[in-house]
Novice: 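Dumping the structure here so I can ask a few things about it.
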Amino acid sequence: GIQVEQSPPDLILQEGANSTLRCNFSDSVNNLQWFHQNPWGQLINLFYIPSGTKQNGRLSATTVATERYSLLYISSSQTTDSGVYFCAVQGAQKLVFGQGTRLTINP
Amino acid sequence: DGGITQSPKYLFRKEGQNVTLSCEQNLNHDAMYWYRQDPGQGLRLIYYSQIVNDFQKGDIAEGYSVSREKKESFPLTVTSAQKNPTAFYLCASTPLPGGAGYTFGSGTRLTVV
């Protein structure tokens, strides 16, 4: 089945810093999504991005489908950006999740 | 507001007990999913349903059962056959099976005592 790997596993930054999170996947996909899980466990869908680039405020994402990776950029980090960021790709009838990147933004 | 409601938020189970986790959505979504999350791990699929009265096993279905009698509801039962049920359980839905637009509930944290 499809394998999804995220890096780095942990990232600690000061408020205001920029960060790049990476997602590699093992097979061609037509559905890739980024999620943010807040400290209370709620998962929020950030981007649906099977290819190309999208931006939403301080967040942007780029997927290069031919090279099987996606990047999530967070600029001018805020403490509310803390949590775990998951990349997930569509397999056969299911979403396959990576292990996540735990982001901690210190004030 | 449309969304997914999971209850209870916290649940404690004794050894040998069956417990049922509730998941209700008012988004008129066709597909619903149950995921399990262990500490420091990603989400793994337990069961999914694409339509009423039909459901399929995911990657870790052993020790779990589900039903889909109504479009809005997809309860998950953790049976005594599940030997390590302590985990965070998340329910999700999508407008169409396998599509975009995943909406997740706020989760149920199950602990065996």
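Since the structure is predicted, the reported quantities are computational estimates derived from the model, not experimental observations. Just so we're on the same page: letters track the sequence lines, and every chain starts at 1.
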Novice: As an exercise: rank A:G41, A:G100, A:G1 by heavy-atom pairs under 4.5 Å with chain B and give me the winner.
Specialist: A:G41
Novice: Is chain A contacted by the side chain of B:L43, its backbone, both, or neither, given a heavy-atom distance below 4.5 Å?
Specialist: both
Novice: Linking I/L/V/M/F/W/Y whenever any side-chain heavy atoms sit under 4.5 Å apart, do B:I4 and B:M32 land together?
Specialist: no
Novice: Do A:I2 and A:I49 sit in one hydrophobic cluster, given that two such residues count as connected whenever their side-chain heavy atoms are within less than 4.5 Å of each other, even indirectly?
Specialist: yes
Novice: Find out if a path of hydrophobic residues (ILVMFWY) with successive side-chain heavy-atom gaps under 4.5 Å connects A:L103 to A:F35.
Specialist: no
Novice: Quick check on B:I51: does its CD1 atom have over 12 non-hydrogen neighbours (other residues, nucleotides or ligands) under 6.0 Å away?
Specialist: no
Novice: Every donor-acceptor pair from chain A to chain B under 3.5 Å, please, each on its own line.
Specialist:
residue, atom, partner, partner atom, Å
A:Q37, OE1, B:Q37, NE2, 3.0
A:Q37, NE2, B:Q37, OE1, 2.9
A:Q42, NE2, B:F104, O, 3.1
A:Q93, OE1, B:Q50, NE2, 2.3
A:K94, NZ, B:D59, OD1, 2.4
A:K94, NZ, B:D59, OD2, 2.6
A:L95, N, B:Y35, OH, 3.4
A:L95, O, B:Y35, OH, 3.3
A:Q99, OE1, B:G42, N, 3.2
A:Q99, NE2, B:Q41, OE1, 3.2

Novice: Would B:F74 end up clustered with B:L110 when hydrophobic side chains under 4.5 Å apart are linked, directly or stepwise?
Specialist: yes
Novice: Counting heavy-atom pairs under 4.5 Å to chain B, which of A:L95, A:V96, A:V84, A:L43 comes out on top?
Specialist: A:L95
Novice: Do B:L45 and B:V78 belong to the same hydrophobic cluster, where Ile, Leu, Val, Met, Phe, Trp and Tyr are linked whenever their side-chain heavy atoms lie under 4.5 Å apart, directly or via other members?
Specialist: no
Novice: Under 4.5 Å from any heavy atom of chain B, what part of A:I44 do you find: side chain, backbone, both or neither?
Specialist: neither
